[in-house]
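The structure displayed is predicted, hence computed values, not measured ones.
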Amino acid sequence: MGTTKKEELVESRLPQIRALMSPCRLCPRNCMTNRHNGETGFCKTSDTIKIASWAHHKGEEPPISGSNGSGTIFASGCTLGCFFCQNFPFSQMGNGKPFTSDELGKIFSKLAAEGVHNLNFVTPTHVIPMLLEAWLSSSETAKLLPIVYNCSGYESKETLDLLEGIVDIYLPDIKYSQNSVANELSKAGDYVEVNRRTLKQMYKQVGQLEINETTGLATRGMIIRHLVLPQNLAGSEASLRWLKSEFGTEIHLSVMSQYFPAYKAHQHTIMNRQITADEYMSVLETIDELGFSNVWAQDPTESGGA
Ligand code: SF4
């Protein structure tokens, strides 16, 4: 099989994407560290990718997981500093094993050969050059799978511009509607404006979620995720109103109830508990009142998901 358009795009843009790492401005933190010389910034990552795990993930939204699972790849490090992160052993503490691009490409190929429906890069922002290098070395089968960019929604405009035509499905969060809360909980005092600009840019690239009618699988588009937090710290209603005003009521939303106090959250007077069924139902009622029509919700009593 010849070179695909996506391969050509990755090959041609990879030098620019790699250049964004030294001095590093891959994400909005703009640490300006020289990662090619082994320096690290906020995400505690040099130009070597460490992988914590990979899986056939069946717990994503149905058009992403399908029957065989989504090929999730979890890298070490993160551009946010959420003190309640359920993935803290690798997002905050650096757990994981270094992989060369060839080694990682073989993992992508293996996942594809085993029948996953997509390659799902989880928290990819700070390691996107290495993920794309690995992707280039993966099998033809792997390269035909949709690329899912599964992120916190805290992205730089420049990096996202370079991913246009490469990423098929964006899976961003809308975490907060107040910067003061974002600063306290995730060390990102500019989260709200950056996140809203990010979501608009992603939507402009890929549009509404497209689902293959035969397979039920997503092929392109965006699903926005929102994790409900105790005592409405996520500012859910304000985010939902903004989403409606910006994208209308047909945007695909995934509203999650699975918060539990991980990492350092037990030290916080509000975040030290799971949400109540009433707190979650109140957000679902707002969604209903606003008229959103494409929503995935969880069991109100569920907690501890991936
Ligand atoms: S990717 Fe890491 S080093 Fe680069 S700007 Fe973001 S947090 Fe800083």
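When atom types are taken as modelled, the side chain of Ser245 and the backbone of Trp242 share a donor-acceptor pair closer than 3.5 angstrom. Here the side chain of Ser12 pairs a donor or acceptor atom with the backbone of Glu8 at under 3.5 angstrom. In this structure, Lys187 contributes its side chain and Leu80 its backbone to no donor-acceptor pair below 3.5 Å. Proximity of a side-chain donor or acceptor of Glu210 to a complementary backbone N or O of Ala218 within less than 3.5 Å is not detected. Between the side chain of Tyr149 and the backbone N or O of Leu160, no donor-acceptor pair lies under 3.5 Å. Side-chain atoms of Ser186 never come within 3.5 Å of backbone atoms of Gly81 as a donor-acceptor pair (strictly under, hydrogens ignored). For His126 (side chain) and Cys27 (main-chain N/O), no donor-acceptor pair under 3.5 Å exists by modelled atom type. In this structure a side-chain-to-backbone donor-acceptor pair under 3.5 Å is missing from His268 to Pro261. A donor-acceptor pair under 3.5 Å is absent between the side-chain atoms of Ser236 and the main chain of Asn232, judged by distance alone.
Lys106 NZ: 12 or fewer foreign heavy atoms inside a 6.0 Å radius. Counting heavy atoms of neighbouring residues, nucleotides and ligands inside a 6.0 Å radius, atom CE of Met93 does not exceed 12 of them. Summarising the local packing, CD of Glu213 is surrounded by 12 or fewer heavy atoms from other residues, nucleotides or ligands at distances under 6.0 Å. Applying the 6.0 Å contact sphere to CD of Glu250 captures no more than 12 heavy atoms from other residues, nucleotides or ligands.
Side-chain atoms of Asp173 and Ser152 include no donor-acceptor pair closer than 3.5 Å. Side-chain contact of Asn294 with Gln208: a donor-acceptor pair under 3.5 Å is absent, judged by distance alone. A donor-acceptor contact closer than 3.5 angstrom is absent between the side chains of Asn272 and His266.
Using a cut-off of 4.0 Å between Lys/Arg side-chain N and Asp/Glu carboxylate O, Glu237 and Arg241 are scored as salt-bridged. Under 4.0 Å is where a charged nitrogen must lie from a carboxylate oxygen, and between Glu246 and Arg196 no such pair does. A salt bridge does not link Lys204 to Glu164: none of the charged nitrogens lies less than 4.0 Å from a carboxylate oxygen.
Between Asn30 atom CG and Ser156 atom OG the span is 7.0 Å, to the nearest 0.5 Å. Taking CG from Asp102 and CG from Leu136, the interatomic distance works out to 10.5 Å, rounded to the nearest 0.5 Å. Atom OG of Ser239 sits about 5.5 Å away from atom NE2 of His226, to the nearest 0.5 Å. Note that CD1 of Ile51 and CD of Glu103 are 10.5 Å apart. Values are rounded to the nearest 0.5 Å. One distance of note links CG of Leu253 with CZ of Phe247; it measures 10.0 Å at 0.5 Å rounding. Distance check: Met281 CE to Ile287 CD1 gives 10.0 Å after rounding to the nearest 0.5 Å.
In plain terms, the two heavy atoms of Trp296 and His252 that are nearest each other are CH2-CD2, 3.7 Å. For the pair Leu290 and Thr249, the tightest heavy-atom approach, listed with the atom from each and the gap, is O-CG2, 3.4 Å. Considering every non-hydrogen atom in both Thr159 and Arg25, the closest pair reads OG1-O, 4.1 Å. Across every non-hydrogen atom of Asn179 and Val192, the tightest pair is OD1-N, 2.8 Å.
Exactly one of Ile147, Leu132, Leu131 qualifies for a side-chain contact (heavy atoms from CB on, under 4.5 Å) with Pro124. That residue is Leu131. Of the listed residues (Thr198, Thr125, Asn195, Thr79), just one forms a side-chain hydrogen bond (donor to acceptor under 3.5 Å, both in side chains) with Glu155, and that residue is Thr125. Considering Phe99, Trp54, Phe121 in turn, Phe121 is the only one that fulfils the ring pair (Phe, Tyr, Trp, His ring centres under 6.0 Å) rule with Phe108. For the side-chain hydrogen bond (donor to acceptor under 3.5 Å, both in side chains) test with Glu60, the passing option among Asn120, Thr72, Asn118 is Asn120; the others fail.
Connection of Tyr170 to Phe292 is established within a shared hydrophobic cluster, with ILVMFWY side chains joined at heavy-atom distances below 4.5 Å, either directly or through further cluster members.
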Candidate pair Gln178 and Asn183, rule side chain to side chain donor-acceptor pair (under 3.5 Å), full reasoning: CA-CA 9 Å; Gln178 287 183 68; Asn183 195 37; over 6 Å; no
Tyr263 and Phe83: CA distance, side-chain angles, deciding distance, ring pair (Phe, Tyr, Trp, His ring centres under 6.0 Å) verdict: CA-CA 6 Å; Tyr263 194 30; Phe83 77 86; 8.0 Å; no
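Using cut-offs of 30° and 60° for the angle between ring planes, the His57 and Phe74 rings count as tilted.
In summary, the aromatic rings of Phe84 and Tyr259 are positioned with their centroids under 6.0 Å apart.
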